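The structure appears right after this line, and notes come after that.
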Amino acid sequence: MEIPEEAFLVPVNRVLADNGRRVVLAYVGLGGVLAYVSGYLEGEWLLTSLLLLSGALMLGLLRLWLCWRFDTDNPRAWRRQYSLVTLLNVIAWSVLAGAVMFHQGVNHITFIWLMTTAGLVAGGVASMSVLPSLAISYQTILLLPIAVLWWFRPESELNAVAFFTLIFWGQMLALSMQQARHHKASLRDKMMLESHAAKLKTASEQDALTGLANRRHFEAILSQEWNRLHRSYGHLAVLMIDLDHFKSINDTYGHQIGDKCLCRVALSLREFIRRPADLLARYGGEEFIILLPDTELEGAAAVAQTLCEAMARRPLRIVEHQIPVTLSIGVAAVRPVDEGSREQLLKRADSALYRAKQKGRNRVVCDYAERDIVSVTEHLETA
Ligand SMILES: Nc1nc2c(ncn2[C@@H]2O[C@H](COP(=O)(O)OP(=O)(O)OP(=O)(O)O)[C@@H](O)[C@H]2O)c(=O)[nH]1
């Protein structure tokens, strides 16, 4: 499976932001400590050091703020802003470190600044190589000016350090490129796994023929809603729906047309299920089920009657056939806090459906827990 470049934008930004958050203020902290240790927070250097450090602090805070809001509508713009702020941040360090080292010449202070700069470069490889253009610019800004500056100094020791700085720079560039390849491969694997997992989840919850929720998913949602309504003292209704004489549709028109019929019925039922919490599922072969949370029996009966009437009035047009399809619907409702169990609710809807079939089909029958089953609609004539 080929993943388009566009899909990497946000995941790459996320890695940059996660890594950035951890190290973003390191420049200011390290710079402050080093400037103090090497005596640059006093005398004539004080103002310059403070200016550079406060500039780095502002940029660090800006970068930190960008790290918090990496998931924007415009990931390209975010990346440009983040790269710019990061590079300005590193320029502030490079100027400060370069000035100190140039001023000090060959001594232990230069050595400390050089080692710290090398540490920052190594940290940059780890945290930024997911975006190689940024990682490479970062290393180049940190190392190249120092190497060039020392190359032209008269002291041969500094020329040697410049040479080894260049070698180190080359090694870090190669490492960044290699890391970038690994990052991309692991991001691709992760995205593919996520996409497969999402597809598997959908497949495990969906009926392959109609695209509706399947029985397993219905039962999971029923269980969730049952518990929720138990806490909130709400009502829960179930409509058990069966196509009438579906066997004869199969026998007359063949199984393919029978399948198409089921899909069209699913579509028609879907039209009437408007509330987001309601759930329509295919429960078995030619059996559908609807879950209506926060609905009492009377409300559920009215929904069932609308479905029953609408289906009876509109014969399905499939290929060149006009196929009259009617529904029998059993309705049951409970307040989970008062009585019974999920299984009993389903059983009652099922026995109401059975009564609807017995009474002649194409009708709705409601199940009252405390009374006998009562038919709420008269037989509907098909149009
Ligand atoms: N085409 C098709 N037919 C199915 C599918 N699942 C179940 N059936 C058929 O649905 C028919 C159900 O038949 P019965 O249980 O006798 O019910 P009925 O003919 O609808 O009669 P009543 O329910 O009593 O009105 C059987 O012929 C099954 O083969 C399916 O996915 N596709």
Side-chain angles (χ1 to χ4, degrees), residues 200 202-222 237-273 279-291 300-301 303-332 343 345-367 372-383:
L200 276 178
T202 309
S204 74
E205 293 175 346
Q206 227 178 34
D207 167 53
L209 178 69
T210 60
L212 296 181
N214 61 18
R215 184 174 184 147
R216 199 163 70 151
H217 186 51
F218 174 86
E219 278 166 1
I221 300 294
L222 170 63
V238 163
L239 272 56
M240 196 80 88
I241 303 168
D242 193 275
L243 273 64
D244 295 328
H245 300 302
F246 190 61
K247 186 172 179 324
S248 72
I249 295 180
N250 270 334
D251 293 346
T252 313
Y253 303 100
H255 259 72
Q256 271 193 337
I257 298 287
D259 282 355
K260 287 202 165 86
C261 257
L262 289 173
C263 294
R264 293 287 292 279
V265 170
L267 265 181
S268 304
L269 294 177
R270 217 180 224 165
E271 273 176 40
F272 292 92
I273 305 302
L279 179 70
L280 164 66
R282 184 171 178 213
Y283 203 59
E286 21 70 271
E287 209 172 22
F288 296 89
I289 193 163
I290 298 177
L291 184 70
V303 174
Q305 194 155 350
T306 310
L307 295 176
C308 205
E309 287 175 4
M311 197 57 74
R313 289 211 182 94
R314 274 191 293 181
L316 300 179
R317 253 182 225 110
I318 296 174
V319 200
E320 75 275 19
H321 311 293
Q322 293 255 27
I323 306 175
V325 172
T326 60
L327 305 175
S328 294
I329 306 182
V331 185
E343 291 72 27
L345 173 66
L346 293 175
K347 222 169 161 182
R348 279 166 46 192
D350 196 40
S351 62
L353 170 62
Y354 178 72
R355 295 290 295 256
K357 292 277 184 191
Q358 276 191 328
K359 281 168 178 283
R361 299 176 174 79
N362 190 21
R363 70 190 57 226
V364 175
V365 169
C366 285
D367 170 84
D372 232 8
I373 294 165
V374 178
S375 166
V376 295
T377 57
E378 286 308 308
H379 180 74
L380 291 156
E381 292 301 327
T382 48

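Owing to the predicted nature of the structure, the values given are computational and were not obtained by experimental measurement. Throughout, numbering of the chain's residues begins at 1 and tracks the sequence. Counting convention: from 1, in listed order, for ligands and their atoms alike. Side chains are part of it too, since the values below use all heavy atoms of this structure and drop only hydrogens, waters and symmetry mates.
- Formation of a donor-acceptor pair under 3.5 Å by the Arg313 side chain with backbone atoms of Met311 is not found in this model.
- The proximity of Leu262 to ligand 1, defined as any non-hydrogen pair under 4.0 Å, is limited to the side chain.
- One finds the NE2 atom of His321 at 9.5 Å from the SG atom of Cys261 (value rounded to the nearest 0.5 Å).
- The protein atom (non-hydrogen) at minimum distance from atom 13 (O) of ligand 1 is Lys247 CB, 3.7 Å.
- Note: an N/O pair closer than 3.5 Å links Leu243 and ligand 1 by distance alone.
- Here OG of Ser268 is found 11.5 Å from CD1 of Ile273. Values are rounded to the nearest 0.5 Å.
- Closest to atom 20 (O) of ligand 1 among all protein heavy atoms lies Phe246 N, 2.7 Å.
- No side-chain heavy atom of Leu353 sits under 4.5 Å from any side-chain heavy atom of Val365.
- The pair Arg282-Glu205 fails the salt-bridge criterion, with no side-chain N (NZ, NE, NH1 or NH2) lying under 4.0 Å from an Asp/Glu carboxylate O.
- Each of Leu222, Leu346, Asp242 was scored for a side-chain contact (heavy atoms from CB on, under 4.5 Å) with Ile289, with one residue passing: Leu346.
- Residue contacts with ligand 1 for Lys260 are absent, since no atom lies close enough (heavy atoms, distance under 4.0 Å).
- With values rounded to the nearest 0.5 angstrom, Ile318 atom CD1 is found 4.5 Å from Ile323 atom CD1.
- Protein heavy atom in closest approach to atom 24 (O) of ligand 1: Arg361 NH2, 2.8 Å.
- Ion pair Arg215/Glu219 flagged as a salt bridge, since at least one NZ, NE, NH1 or NH2 atom sits closer than 4.0 Å to an Asp/Glu carboxylate oxygen.
- Atoms of ligand 1 lying under 4.0 Å from at least one heavy atom of Gly258, given by number and element, are 1 (N).
- Remark: Asp244 engages Lys357 in a salt bridge, criterion side-chain N to carboxylate O under 4.0 Å.
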Does the side-chain hydrogen bond (donor to acceptor under 3.5 Å, both in side chains) test come out yes or no for Asp207 and Thr210, once each step is laid out? CA-CA 6 Å; Asp207 167 53; Thr210 60; 2.5 Å; yes
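- Considering both main-chain and side-chain atoms, His255 comes within under 3.5 Å of ligand 1 through a nitrogen or oxygen pair.
- Among all protein heavy atoms, the one lying closest to atom 6 (N) of ligand 1 is Gly285 CA, 3.1 Å.
- Scanning all protein heavy atoms for the shortest distance to atom 31 (O) of ligand 1 gives Arg282 NH2, 2.6 Å.
- Counting the atoms of ligand 1 from 1 in the order shown, those under 4.0 Å from a heavy atom of Asp244 are 20 (O), 25 (O).
- Ranking protein heavy atoms by distance to atom 2 (C) of ligand 1, first place goes to Asp259 OD1, 3.2 Å.
- Closest to atom 22 (P) of ligand 1 among all protein heavy atoms lies Lys357 NZ, 3.3 Å.
- For ligand 1, the atoms closer than 4.0 angstrom to any heavy atom of His245 are 18 (P), 19 (O), 20 (O), 21 (O), 22 (P), 25 (O).
- Scanning all protein heavy atoms for the shortest distance to atom 28 (C) of ligand 1 gives Asn250 ND2, 4.1 Å.
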